[in-house]
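Working notes, structure below.
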Amino acid sequence: YLSSKFTSNNDNNDDDDEFYDNNLSIDEYIRDLARESKEVQMMGAAPVNKGSYMDKVRKEYYQKVFEEIEGIEDVDKQEGDEFEIKKKKKKNKKDKKKKRKLRRDLDQLIREYNIISIGASIIPTFNPSFRVWEYNITGLEDELQVANKNNKSWNDFFHELEKILQKETISMDNQANDDDDDDELENLIIKNDKTIPKLTNHKLGPAYENQLFTPIRYVQYYINLEKINHKYYELMASDNDDISKEGAIRQSFEVDIEYVSNSDPYNMETLIVPEYFELMKKLYLDDEIWQEYLDLAFAKSGYKD
Amino acid sequence: NPSLNKNKTLHGRFLHITDIHPDQFYLEGSDIGEMCHRTKTDDSSKSNKAPIFGKAMAGCDTPIILMNETFKWIDKNLKDKIDFVMWTGDNIRHDNDRNYPRTEAEIFDYNLKLSNVLYDIFKDSNGDVDENPYDLGVNVIPSIGNNDVFPHNMFSMGPTLQTREFYRIWRHFIPQEQQRFFDNGVSFFTEIIPNKLAVISINTLYLFKSNPLVDNCTKKNQPGYKLLIWFGQILTEMRKRNMKVWIIGHVPPIKKNFQKSCFDKFTLWINEFSDIIIGNVYGHMNIDHFIPVDTRDSIDSI
């Protein structure tokens with residue numbers, strides 16, 4: 001088991017967020033696993049190396065996006081400079097073209113990305129936290145009026161899906177065995193592999209442009225455990241005999257707003273991918289904003305590695 | 001909702017809650033070094049003792065009091081202001097105390113308890129719940145976590161006892177016509193607005209590197225392969241209906257978590273359907289952040 005895990009460069013820790021060094025020998029890897037297993041036994045789910053994980057997120061994801069955006073803007077700037085020298089008179093016309101090209105290149109980059117949102121937990125790894133998302137419902141009533149009533153029933157759909165699943169798994173069984181390395185056959189398999197989508201040129205949806213159902217904003221709630229524990233024990237220590245344990249729990253428990261996505265450091269007008277691109281630029285360039293982001297990522301618990 | 005012949009007021013808001021990890025053995029005043037389960041040392045310093053609501057970064061799971069108060073707050077403050085709930089798994093304490101080994105029965109028990117709590121909070125308050133138990137005032141869409149299965153992380157292709165048990169536990173949340181497919185793999189979708197807006201709940205354990213019972217998404221006998229066929233067909237049908245959809249699950253679809261072929265294929269699906277997918281929401285990692293996933297790497301890889 002360990003051997004198979006090792007060869008696929010896996011990590012094996014629950015909720016673990018570290019990027020493992022793929023150059024470890026199997027002995028080192030097993031030793032690491034044993035040490036971590038012992039730590040889990042000793043420390044439960046106490047956070048370890050989460051700051052270093054977030055630094056890697058900044059470097060491997062946000063920096064990459066930033067550099068790609070910069071690359072597009074730099075190329076565009078160079079082209080613009082050459083043009084300045086050659087044809088100053090037609091500046092305005094070319095400027096428009098330049099902007100259109102920049103927009104097109106950025107649009108192309110943006111549509112190649114998907115944003116994966118990862119939520120904070122109730123378990124107090126940091127402070128407990130949860131999120132309320134808000135989404136655009138403007139125009140929904142008009143949409144409902146033109147809803148297509150000719151769709152087949154989901155029952156019929158699932159009946160057909162069952163046949164597809166049966167056919168797929170049987171036909172693929174007959175196509176090739178594990179040792180086939182023939183390129184043509186491999187291409188054929190990939191072409192007919194229904195687990196790979198046919199790529200089409202489609203319009204961008206609500207994740208990319210503000211429209212019906214686009215997420216607009218979120219409110220991140222959190223529970224400041226230190227504050228409510230303190231309040232509870234203060235109440236219990238007071239001379240007021242009327243306060244029962246249940247009463248003190250009720251009076252001390254509070255949920256606060258931790259932040260909202262349209263305030264610092266996010267300042268996002270909507271939650272579409274182009275806005276995330278802007279945010280990633282800021283998070284990569286500005287250390288102060290990055291520190292604020294980390295503080296919120298760890299639910300204002302003050303966590304540091 | 002034409003099938004129920006009912007109108008529903010939409011608020012344009014929904015809740016995402018994840019990784020609750022309630023711990024029935026959490027004991028106020030116990031030693032933090034003992035997973036907040038018992039007192040072993042004479043050390044009376046407050047910083048080493050388990051407080052009533054739990055302590056951040058201490059390594060203990062969630063006290064039942066904290067969980068109950070959180071749900072009460074949601075009941076009082078959010079219930080009437082949201083349209084649906086994304087609930088992305090891990091509904092049981094960690095298995096980190098040899099004195100109290102976690103059992104399959106305990107896992108099912110806590111998942112059922114939480115399922116009932118959420119059902120009670122969000123069921124229709126119009127008094128017709130008994131007539132139609134699927135008619136929730138606020139839809140709850142659960143997804144399975146790597147701690148919700150026994151043994152930890154290990155989940156095989158259905159139908160199995162575990163897939164059937166989860167259907168029983170989540171019976172109020174799973175549309176009846178999807179029971180058969182749910183039994184095969186614990187993935188399903190819920191229509192929030194019929195033919196307009198849906199949430200697809202993915203069983204990410206079939207794509208998860210740390211599940212030793214699955215290998216990849218290239219072989220047809222793998223549950224991940226079947227899950228991706230199901231996923232593609234659902235998305236295609238939803239596109240045909242001009243629907244929009246959220247994707248949710250427990251383990252986030254990023255390189256470090258998913259088996260490589262599963263990651264690449266999953267990434268291609270969510271990008272190809274970016275005309276209808278509104279967003280991707282997950283739990284598992286306990287850190288509030290986001291990851292941009294680049295499709296070009298997966299295209300090159302495949």
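Convention: sequence-line order gives letters A, B, ...; per-chain numbering from 1.
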Anything under 30° is parallel, anything over 60° is perpendicular, the rest tilted; go ahead and classify Tyr135(A) against Phe14(B). tilted
Check for me whether the distance between the ring centres of Phe130(A) and Trp87(B) falls short of 6.0 Å. no
Using 0.5 Å steps for rounding, measure from the CD1 atom of Ile118(A) to the OG1 atom of Thr18(B). 10.5 Å
Between Ile223(A) and chain B, which part of the residue has a heavy atom less than 4.5 Å away: side chain, backbone, both or neither? side chain
Side chain, backbone, both or neither: which part of Ile248(B) has a heavy atom under 4.5 Å from chain A? neither
Is the closest side-chain heavy-atom distance between Ile65(B) and Phe253(A) below 4.5 Å? no
At their closest point, which heavy atom of Ile123(A) faces which heavy atom of Cys60(B), and how far apart are they? CG1-O, 4.1 Å
Side chain, backbone, both or neither: which part of Glu160(A) has a non-hydrogen atom closer than 4.5 Å to chain B? neither
Tell me whether the rings of Phe158(A) and Phe181(B) are parallel (<30°), tilted (30 to 60°) or perpendicular (>60°). tilted
Does Asp193(A) come within less than 4.0 Å of Lys220(B), counting only side-chain N to carboxylate O? no
Please determine, among Asn114(A), Ile137(A), Val132(A), Leu199(A), the option with the most heavy-atom pairs under 4.5 Å with chain B. Asn114(A)
Determine the minimum heavy-atom distance between Asn271(B) and Arg111(A), stating which atoms define it. ND2-O, 3.0 Å
Measure Lys226(B) against the heavy atoms of chain A and call it side chain, backbone, both or neither at under 4.5 Å. both
Less than 4.0 angstrom from a charged side-chain N to a carboxylate O is my criterion; do Glu60(A) and Lys255(B) meet it? no
Taking the ring of Phe84(B) and the ring of Trp133(A), is the distance between their centroids below 6.0 Å? no
With a 4.5 angstrom heavy-atom cut-off, could you sort out which part of Ile272(A) is near chain B: side chain, backbone, both or neither? neither
Contacting region of Lys300(A) [heavy-atom separation from chain B under 4.5 Å]: neither
Less than 4.5 Å apart, side chain to side chain, heavy atoms only: is that true for His21(B) and Ile122(A)? no
Is the ring centre of Tyr53(A) less than 6.0 Å from the ring centre of His289(B)? yes
Engaged part of Ile116(A) at the chain B interface, taking heavy atoms whose separation is under 4.5 Å: both
Say whether, by atom type as modelled, one donor and one acceptor occur between the side chain of Asn286(B) and the main chain of Ala120(A) under 3.5 angstrom. no
Check whether Gln259(B) gets within reach of chain A through its side chain, its backbone, both or neither, counting any heavy atom under 4.5 Å. neither
Heavy-atom cut-off 4.5 Å, strictly under: side chain, backbone, both or neither for Tyr303(A) against chain B? both
Check each atom of Gln211(A) against the heavy atoms of chain B and say whether the ones under 4.5 Å are side chain, backbone, both or neither. side chain
Test: Glu68(A) and Arg296(B) ion pair at under 4.0 Å: yes
Using side-chain hydrogen bond (donor to acceptor under 3.5 Å, both in side chains) as the criterion, list what pairs up with Tyr221(A), not counting sequence neighbours. none
Segment of Val255(A) engaging chain B (4.5 angstrom heavy-atom cut-off): both
Under a 4.5 Å cut-off applied to non-hydrogen side-chain atoms, are His202(A) and Phe273(B) in contact? no
Note: vs chain A, highest number of non-hydrogen pairs under 4.5 angstrom among Thr62(B), Leu228(B), Asp275(B) is Asp275(B)
For the student: nearest non-hydrogen atoms of Thr195(A) and Cys217(B), plus distance: OG1-O, 4.2 Å
Contact between Lys64(A) and Asp294(B) at the side-chain level, heavy atoms closer than 4.5 Å - yes or no? yes
Proximity breakdown for Glu28(B) and chain A, heavy-atom pairs closer than 4.5 Å: side chain
Heavy-atom distances under 4.5 Å only: say whether Ile247(B) touches chain A with side chain, backbone, both or neither. neither
Counting heavy-atom pairs under 4.5 Å to chain B, which of Leu212(A), Leu271(A), Ile164(A), Val65(A) comes out on top? Ile164(A)
Can you name the nearest heavy-atom pair linking Gly54(B) to Leu225(A), along with the distance? O-CD1, 3.6 Å
Are any of the side-chain heavy atoms of Gln176(B) and Trp154(A) separated by less than 4.5 Å? no
Nearest heavy-atom contact between Ser301(A) and Met57(B) is O-CE, 3.1 Å
For Asp19(B) and Ser121(A), work out which heavy atoms get closest and say how close. CB-CB, 3.5 Å
Between Leu109(A) and chain B, which part of the residue has a heavy atom less than 4.5 Å away: side chain, backbone, both or neither? side chain
Are the ring centres of Tyr62(A) and Phe290(B) closer than 6.0 Å? yes
